[in-house]
Amino acid sequence: MAEAPLILTLQFDVASFTRLDALRRAHIPPERNHLPAHLTLFHALPGAMLAEIGANLATVAAGAPPLPLRFAGLRSLGRGVAFSVESPALAGLRGLLASAWHDMLGPQDRQGFRPHVTVQNKVEPAAARALLAELEAGFTPWDGQGVALLLWHYRGGPWEPAGSFPLSGSDRPGDR
């Protein structure tokens, strides 16, 4: 039997997480909402490579400071709604990992990276359009941070933790 795939996500600062997770709990049907609010960086890394991937993440996270994020807008997922996230630092970090892991990436993880946080999914399109309109009416962009990389086992149901890697580096020039 093949090892369960691994999923890599970004953990948010407390204020951003609290806001996004409350929306997710309110708008994803409870029987389908097995996860807290998250931003997926990679959807299916090989589970057999857990030790190597964990070592890579520990090294990268130790050298990277918390990542500035801009929750810039909303977007339709057709049958759901997501917040768009802008962050050159996040794009750079993901690009670095994608280059290092190129040979192990599947088609979905080789596609362009469009960071987002899903707060509604798997609903009728009319319900998704209504929530999008409601959220857009009162939307103001806000800044947050990505504070850790979280690695998960995917075994078909709720994700199981496989590792947490706090972004603990410094971005001050004197600390390099």
Side-chain angles (χ1 to χ4, degrees), residues 5-13 15-29 32-46 53 56-57 60-61 64-154 159 162 164-165 167:
L6 300 167
I7 300 168
L8 183 64
T9 66
L10 181 68
Q11 179 180 345
F12 307 118
D13 62 280
S16 296
F17 172 79
T18 300
R19 181 177 185 176
L20 294 163
D21 198 54
L23 286 166
R24 187 175 170 88
R25 282 185 282 114
H27 299 291
I28 293 182
R32 293 186 176 143
N33 190 12
H34 301 294
L35 307 168
H38 61 280
L39 187 156
T40 302
L41 298 170
F42 293 95
H43 297 85
L45 298 169
I53 290 168
N56 290 161
L57 292 173
V60 168
L67 303 171
L69 305 174
R70 179 80 169 161
F71 296 90
L74 293 142
R75 78 178 208 219
S76 171
L77 300 176
R79 296 178 64 88
V81 176
F83 283 82
S84 297
V85 178
E86 296 175 355
S87 174
L90 176 61
L93 180 95
R94 192 203 181 267
L96 175 76
L97 292 171
S99 292
W101 297 337
H102 182 269
D103 291 342
M104 66 175 86
L105 297 182
Q108 184 176 19
D109 288 327
R110 288 185 180 171
Q111 295 176 2
F113 179 54
R114 295 178 54 199
H116 65 279
V117 181
T118 302
V119 296
Q120 182 189 53
N121 202 7
K122 299 179 183 172
V123 300
E124 290 301 316
R129 286 190 299 274
L131 179 61
L132 180 62
E134 176 187 327
L135 293 175
E136 283 179 335
F139 181 76
T140 301
W142 82 91
D143 295 323
Q145 288 190 323
V147 298
L149 301 173
L150 302 177
L151 193 61
W152 305 87
H153 294 283
Y154 178 71
W159 300 357
S164 176
F165 307 88
L167 298 170

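Rounding to the nearest 0.5 Å places CH2 of W142 at 10.0 Å from CG of L69. How far CG of L149 is from CG of L93: 6.0 Å, rounded to the nearest 0.5 Å. Between atom OG of residue S76 and atom CD of residue E136 there is a gap of 9.0 Å, rounded to the nearest 0.5 Å.
Inter-residue side-chain proximity for R19 and F71 is flagged as unmet; no heavy-atom pair is nearer than 4.5 Å. In this structure, the side chains of F12 and D21 stay at 4.5 Å or more apart for every pair of heavy atoms. Looking at F165 and V60, their side chains never come closer than 4.5 Å, going by heavy atoms from C-beta outward. At least one side-chain heavy atom of L41 sits under 4.5 Å from a side-chain heavy atom of L39.
The side chain to side chain contact (heavy atoms under 4.5 Å, CB included) with L10 is formed by just one residue from the set L67, L150, T40, V85; it is L67.
Residue P115 comes nearest to L90 through the heavy atom pair CB-CD2, 4.2 Å, listed as atom of the first residue, atom of the second, then distance. Between A72 and P141, the shortest heavy-atom distance links the atoms O-CG, 3.9 Å. Here the closest heavy-atom approach between residue G144 and residue S16 is recorded as CA-OG, 3.7 Å.
For D109 (side chain) and H43 (main-chain N/O), a donor-acceptor pair under 3.5 Å exists by modelled atom type. In this structure a side-chain-to-backbone donor-acceptor pair under 3.5 Å is present from D13 to Q145.
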Could you pull out every donor-acceptor pair under 3.5 Å between side chains of residues 116-134 and any protein atom, sequence neighbours left out?
residue: H116; atom: ND1; partner: R75; partner atom: NH2; Å: 3.4
residue: H116; atom: ND1; partner: R114; partner atom: O; Å: 2.9

Solution key, residues 96-108 side-chain donor-acceptor pairs under 3.5 Å, sequence neighbours excluded:
residue: S99; atom: OG; partner: G95; partner atom: O; Å: 3.1
residue: W101; atom: NE1; partner: N56; partner atom: OD1; Å: 2.6

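The aromatic rings of W159 and Y154 sit perpendicular to each other, their planes meeting at more than 60°, with 30° as the lower class boundary.
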Given side chain to side chain contact (heavy atoms under 4.5 Å, CB included), test L8 with L57 step by step and report yes or no.
CA-CA 10 Å; L8 183 64; L57 292 173; 3.7 Å; yes
Please step through side chain to side chain contact (heavy atoms under 4.5 Å, CB included) for the pair V81 and L23, ending with a clear verdict.
CA-CA 10 Å; V81 176; L23 286 166; over 6 Å; no
Between F83 and L74, does the side chain to side chain contact (heavy atoms under 4.5 Å, CB included) criterion hold? Intermediate values first, please.
CA-CA 4 Å; F83 283 82; L74 293 142; 3.6 Å; yes
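The side-chain hydrogen bond (donor to acceptor under 3.5 Å, both in side chains) search around R24 returns N33, not counting sequence neighbours.
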